[in-house]
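Below you'll find the structure, written out as structure tokens, and then a few comments.
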Amino acid sequence: MGLMRRFSSIFKAKASKTLDKYEDPRETLDYSYERTLEMLQKMRRAVADVATSRKRIELQAQQLQRSAAKLEGQAKQAVSQDREDLAREALTRRQAIATQLTDLQAQHDQLKAEEARMVEGSRRLQAKVDSFRIRKETMKANYTAAEAQTKVNEAISGIGEEMGDVGLAMQRAEDKVAQMQARSGALDELMASGALDDASMSSDRLQAELDRGFAEPAVEAELSRIKGELPGGSTTAKQIDAPDETPVKAPAETQAEAPVEEERR
Amino acid sequence: MIVRISGEGQFDVPEGHVGELNRLDEDLTKAVDSGDEAQFTSSLEALLTSVRTAGEELPADWIGPSDLVLPSPDSSIHEVREVLGDEGLIPG
């Protein structure tokens, strides 16, 4: 037997089990309708779950993008300070982030597609629920006719099949969400471990060295300015005290005003 | 006859088109048996495209059973095998 027919018969056998059959098919109609409504609710929750999972990936991606941009900036600073070693380190980290981002993008696309399918599935199920609600009352009223009985059976197996299909779609979505959650968790751990260190921490060695690269010349410049001011002073007592005060104050000021700090935050 | 593409909807396909579907199904069956994922994807797509073009999509509010149910377009061999479950790949 070909795959097409095997798949069909197993699918239909499974679908027919999704609905209990009552002795009176009219009861089965009511029961089927209730089950379909429940299914619609479940489906909507499943759509929300997929969306939550997608948003989590988006947040992770944003975080990584910020880190990548920061590292790019740091690499430029390093080059401007002739610190190729630091630039290399920043770019290496940025490369690791880029790899993760590509992976996240692929996961995001998958979830997005899954979400669209689920939304479309809910729309179809909703249309069937609405049409079933109207038709089941007519079918129940005319049930005694043999022809009507056939219609009832068709409607029941049709709705059962739809539920089976929706059930399959939900199963797939749940599996995908579970997979993505596991991967997101792993990425969170990776980020926490420092392997993808985003270099945004104040304790970050890379940034500290770059800051020093900027701060040191500034401190030197301040120092020479102050030294230069000293001999030209006209008053005595205050000027003599000044060198004790100013050098202490100067490094603190320069650090606060350092352009690096401004750009970084 | 009525053909459902899983996760997509139901189509009314003319009876005269069954021969073509059977032919495409042979390729698909071979792909599943050999476990060739690329072959599976392309032959499934060919089968589904044939249903979509030869058939007419039934409105969403249409309620009735299908004569054939086909896997969804992005199914993997693994997913199809999962549906086949205990029946495995040995024709029953």
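These numbers come from a predicted model, not from an experiment. Note on naming: letters A, B, ... go to the chains in the order of the sequence lines (proteins, then strands), and numbering restarts at 1 for each one.
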If you tally heavy-atom pairs under 4.5 Å between each of B/Leu47, B/Asn22, B/Leu24 and chain A, the highest tally belongs to B/Asn22

Report which part of B/Glu79 has an atom under 4.5 Å of a heavy atom belonging to chain A: side chain, backbone, both, or neither.
side chain

Tell me which of these, A/Ala155, A/Ala127, A/Ala15, has more heavy-atom pairs under 4.5 Å with chain B than the rest.
A/Ala127

What residue in A/Arg117, A/Gln171, A/Glu120, A/Arg123 has the most heavy-atom pairs under 4.5 Å with chain B?
A/Arg117

If you tally heavy-atom pairs under 4.5 Å against chain A, which of B/Asp61, B/Val80, B/Ile2 wins?
B/Asp61

Name the option with the most non-hydrogen atom pairs under 4.5 Å to chain A; the candidates are B/Lys30, B/Arg4, B/Glu26, B/Gln10.
B/Arg4

Is A/Leu168 close to chain B through its backbone or its side chain, or both, or neither, when contacts mean heavy atoms under 4.5 Å?
side chain

Give a yes or no on whether A/Arg88 atom CZ has more than 12 heavy-atom contacts from other residues, nucleotides or ligands under 6.0 Å away.
no

Tell me if a side-chain donor or acceptor on A/Lys176 pairs with a main-chain N or O of A/Leu111 at a distance below 3.5 Å.
no

Could you tell me how the ring of A/Tyr33 sits relative to the ring of A/Phe132: parallel (under 30°), tilted (30 to 60°) or perpendicular (over 60°)?
tilted

Would you name the heavy atoms of B/Ile5 and B/Pro71 that are closest together and state the gap between them?
CG2-O, 4.1 Å

May I ask you to check whether over 12 heavy atoms, not counting those of A/Glu58, lie within 6.0 Å of atom CD?
yes

Answer with side chain, backbone, both or neither: which region of B/Asp67 has an atom nearer than 4.5 Å to a non-hydrogen atom of chain A?
backbone

Need one label for A/Lys151: side chain, backbone, both or neither, based on atoms under 4.5 Å from any heavy atom in chain B.
neither

More than 12 heavy atoms from other groups under 6.0 Å of CD on A/Gln95
no

Donor-acceptor pair between B/Glu45 and B/Thr49 side chains, under 3.5 angstrom
yes

Under a 4.5 Å heavy-atom cut-off, does chain A meet the side chain of B/Ser72, its backbone, both or neither?
side chain

